[in-house]
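Below: the structure, in structure tokens.
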Amino acid sequence: ILVSFLISVIFLYKLSFISNRNTGQCVGRLDTDKNLISLKQLGLKFQHLFNHGRLQPRDCQALQRLAIIIPFRKRWSHLIVLLNNLIPLLSRQQADVHFFVVEQSSRSTFNRGALQNVGFLEALQLGQFDCFIFHDVDLVPLNDKNLYRCGDNPRHFSVALNKYSYSLLYPGYFGGVVGLSTQQYRDINGNSNLYVGWGGEDDDLLERLLNKGYYISRYATDLSKYDMIQHGMEEGNKPNPFRLMLLETARVRQEVDGLTSIQYNKTITDLILFTLITVDIDNEQ
Ligand code: UDH
Ligand code: NGS
């Protein structure tokens, strides 16, 4: 009798977990759904939740309108896995959100910081946003109580990555997924545009926010766990040999290198689940 009682309790617990996941309540810890579906299937699966590219709560008005900015080039399978996991999570969090995929056209070396600046400026041409979440395409959150909202200080969401055994890589790590209010991102003049190739631009962003009197805010580690989808290093994103040298001058460059100095050409395409901004960055500026 005891055994069948325990089995029933476990069964009911699992059932409530599954039904909460589907009906709107946050459940805490999640497993990544790694199923690869096509972009079209993804659109069909979630289109009923979107209105002109905007995912909104049905029964209330969210306090913050979020723009999620994804720097991107040739990572379609990562984008599909990310959206397939993030859309239901944000829906359970009652988020009001618009996704912007900022794709660098293939000519120049990848420039993650500049793409984030473009995402910020272009999103504000299209709507009023309170909070910007800059989101690497390969990071999938593992807990839906990791609340995607901005606060009084810039927030680092992706604290504990599977790649680093779910611990913080170093105290000043501010890469992966971060959130800044529109005002905070403007105050710091956004990201530097000068980090061409891999590394250092996120450390520069930290220097900028500290220089303006902000601190990093983080949730508890258990909420801030992420799966990093495995991948190699791309030809067009090799480690930048100048990154440490650039970092030394982060604070003196802040006012003249960033949102106020970026130059680019763009093409905008509205898709069902996100706005695709294809950008030609001038890395020589
Ligand atoms: N990104 C792209 N395409 C690229 C390069 C970067 O979309 O070709 C975007 C994407 O959002 C990615 C982010 O920029 O999540 C950061 O780039 P990254 O994922 O290359 O950087 P990360 O530091 O990984 O996450 C570095 C490669 C580690 C290779 C380890 C091999 N064992
Ligand atoms: C640091 C890089 C950061 C990078 C972080 C994590 O060393 O840009 O590693 O790398 N800083 C410098 O190179 C100065 S990751 O695990 O994502 O490959 O974000």
Side-chain angles (χ1 to χ4, degrees), residues 32 34 39 67-86 99-120 132-141 154 156-179 191-210 216 218 224-251 253 274-281 283:
T32 304
K34 293 196 176 127
L39 196 58
I68 297 200
I69 309 292
I70 304 173
F72 182 83
R73 180 155 72 187
K74 293 189 185 153
R75 298 266 192 101
W76 289 102
S77 62
H78 291 185
L79 183 64
I80 285 166
V81 171
L82 176 66
L83 293 178
N84 202 12
N85 287 275
L86 203 48
F99 292 96
F100 295 90
V101 176
V102 192
E103 178 189 42
Q104 187 168 344
S105 59
S106 52
R107 279 184 287 283
S108 46
T109 304
F110 201 72
N111 188 333
R112 181 172 172 271
L115 290 175
Q116 295 187 350
N117 284 342
V118 172
F120 178 84
F132 280 79
I133 297 187
F134 300 96
H135 209 300
D136 276 3
V137 76
D138 54 358
L139 289 175
V140 184
H156 184 220
F157 291 97
S158 53
V159 175
L161 310 186
N162 56 345
K163 183 178 173 184
Y164 299 115
S165 311
Y166 300 112
S167 56
L168 183 62
L169 187 54
Y170 51 95
Y173 176 52
F174 195 60
V177 184
V178 300
N191 271 271
S192 164
N193 302 308
L194 301 182
Y195 289 78
V196 179
W198 181 88
E201 80 293 344
D202 46 358
D203 304 302
D204 190 293
L205 188 65
L206 175 65
E207 286 300 317
R208 289 171 170 247
L209 67 89
L210 294 176
I216 304 183
R218 292 191 176 106
S224 315
K225 290 183 175 164
Y226 281 75
D227 256 352
M228 181 185 270
I229 307 170
Q230 273 201 344
H231 65 88
M233 197 165 255
E234 283 88 356
E235 261 304 298
N237 193 27
K238 289 194 176 138
N240 173 3
F242 305 112
R243 63 191 191 281
L244 292 178
M245 216 170 72
L246 276 166
L247 255 182
E248 283 173 20
T249 58
R251 296 185 187 214
R253 276 183 291 99
F274 58 88
T275 298
L276 179 66
I277 307 173
T278 304
V279 193
D280 237 337
I281 306 263
N283 276 335

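For ligands, and for the atoms within them, numbers begin at 1 and follow the listed sequence.
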- Note on the structure: For Lys163, the ligand 2 atoms with a heavy-atom partner under 4.0 Å come out as 15 (S), 16 (O), 18 (O)
- Message: Any nitrogen or oxygen of Asp202 lying under 3.5 Å from a nitrogen or oxygen in ligand 2? Just yes or no.
- Response: yes
- Query: Identify the closest protein heavy atom to atom 10 (O) of ligand 2: which residue and atom is it, and at what distance?
  - Reply: Trp198 CZ2, 3.3 Å
- Message: So, 4.0 Å and heavy atoms of Gly199: is ligand 2 close enough to count as a contact?
- Response: yes
- Indicate the atoms forming the closest heavy-atom contact of Thr278 with Ser105, along with that distance. CG2-CB, 4.4 Å
- Query: Is the side chain of Ser192 donor-acceptor paired with the backbone N or O of Leu194 at a distance under 3.5 Å, no angle test?
  - Reply: yes
- Contact atoms of ligand 1, heavy-atom distance to Met233 under 4.0 Å: 26 (C), 27 (C)
- Spacing of CD belonging to Glu103 relative to CG belonging to Asp280, to within rounding of 0.5 Å: 11.0 Å
- Query: Which residue supplies the protein heavy atom nearest to atom 18 (P) of ligand 1, what is that atom called, and how far is it?
  - Reply: Arg75 NH2, 3.6 Å
- Item | Heavy-atom pair with the smallest gap, counting every atom of Asn85 and Val81 | ND2-O, 2.7 Å
- Message: Please list the nearest protein heavy atom to atom 2 (C) of ligand 1 with its residue and the distance rounded to 0.1 Å.
- Response: Arg73 N, 3.4 Å
- Measure the CD1-CZ distance between Ile69 and Phe134 for me, rounded to the nearest 0.5 Å. 5.5 Å
- Select one of side chain, backbone, both or neither to describe which atoms of Phe174 lie under 4.0 Å from any atom of ligand 2, heavy atoms only. neither
- Considering only non-hydrogen protein atoms, determine which one is nearest to atom 1 (C) of ligand 2 and report residue, atom name and distance to 0.1 Å. Tyr170 OH, 3.5 Å
- Could I get the full list of salt bridge (charged side-chain N to carboxylate O under 4.0 Å, His left out) partners for Asp136, not counting sequence neighbours? Arg112
- Item | Gly200-ligand 2 polar pair, N/O distance under 3.5 Å | yes
- For atom 16 (O) of ligand 2, grab the closest protein heavy atom and report residue, atom and distance to one decimal in Å. Tyr164 OH, 2.3 Å
- Message: Does the plane of the ring in Trp76 sit parallel, tilted or perpendicular to the ring in Phe72? Use 30° and 60° as the thresholds.
- Response: perpendicular
- Message: Quick check: closest heavy atoms across Pro71 and Gln116, and the distance to 0.1 Å?
- Response: CG-NE2, 4.2 Å
- Message: For atom 26 (C) of ligand 1, what's the nearest protein heavy-atom neighbour? Residue, atom name and distance, please.
- Response: Trp198 NE1, 3.5 Å
- Is there at least one pair of N or O atoms, one from Met228 and one from ligand 1, spaced under 3.5 Å apart? no
- Message: Just to confirm my output: which protein heavy-atom neighbour is closest to atom 28 (C) of ligand 1, and how far is it?
- Response: Lys163 NZ, 4.0 Å
- Task: Please name the pair of heavy atoms, one in Gly175 and one in Ser158, separated by the smallest distance, quoted to 0.1 Å.
- Result: O-OG, 2.9 Å
- Gap between atom CD of Gln104 and atom CG of Asn283 - 0.5 Å precision: 6.0 Å
- So which heavy atom in the protein is nearest atom 13 (O) of ligand 2, and how far is it from that ligand atom? Arg243 NE, 2.6 Å
- Considering all heavy atoms of both residues, which atom of Gly197 and which atom of Asn237 are nearest to each other, and what is their separation? C-OD1, 3.2 Å
- Are Met233 and Pro239 side-chain neighbours, meaning at least one heavy-atom pair lies under 4.5 Å? yes
- Query: Going by heavy atoms, is His135 under 4.0 Å from ligand 1?
  - Reply: no
- For atom 8 (O) of ligand 1, find the nearest protein heavy atom and state the residue, atom name and distance (0.1 Å precision). Glu234 CD, 3.2 Å
- Per-atom contacts of ligand 1 with Asp138, taking only distances under 4.0 Å to non-hydrogen atoms: 15 (O), 19 (O), 25 (O)
- What do we get for Leu169 next to ligand 2 when only non-hydrogen atoms under 4.0 Å count, side chain, backbone, both or neither? side chain
- Item | Nearest protein heavy atom with distance in Å, relative to atom 5 (C) of ligand 1 | Asn237 ND2, 3.5 Å
- Could you state the interatomic distance from CG (Asp203) to CG (Leu246), rounded to the nearest 0.5 Å? 11.5 Å
- So which heavy atom in the protein is nearest atom 12 (C) of ligand 2, and how far is it from that ligand atom? Asp203 OD2, 3.4 Å
- Are Pro71 and ligand 1 in contact, using a heavy-atom cut-off of under 4.0 Å? yes
- Message: For atom 14 (O) of ligand 1, what's the nearest protein heavy-atom neighbour? Residue, atom name and distance, please.
- Response: Phe110 CE2, 3.4 Å
- Check whether any side-chain heavy atom of Asn191 lies under 4.5 Å from a side-chain heavy atom of Asp204, and answer yes or no. no
- Item | Nearest non-hydrogen protein atom, atom 16 (C) of ligand 1 | Asp136 OD2, 3.5 Å
- Residue set satisfying salt bridge (charged side-chain N to carboxylate O under 4.0 Å, His left out) with Lys163, at least two apart, ordered chain then number -> none
- Item | N/O donor-acceptor pair under 3.5 Å between Asp138 side chain and His78 backbone | no
- Could you tell me which atoms of ligand 1, counted from 1 in the order shown, lie closer than 4.0 angstrom to a heavy atom of His231? 18 (P), 19 (O), 20 (O), 24 (O), 27 (C), 29 (C), 31 (C)
- Note on the structure: Per-atom filter on ligand 1: closer than 4.0 angstrom to a heavy atom of Val137 are 10 (C), 11 (O), 15 (O)
- Heavy-atom distance from atom 32 (N) of ligand 1 to the protein below 4.0 Å? no
- Residue Tyr173 vicinity, atoms of ligand 2 by number, heavy atom under 4.0 Å: 6 (C), 19 (O)
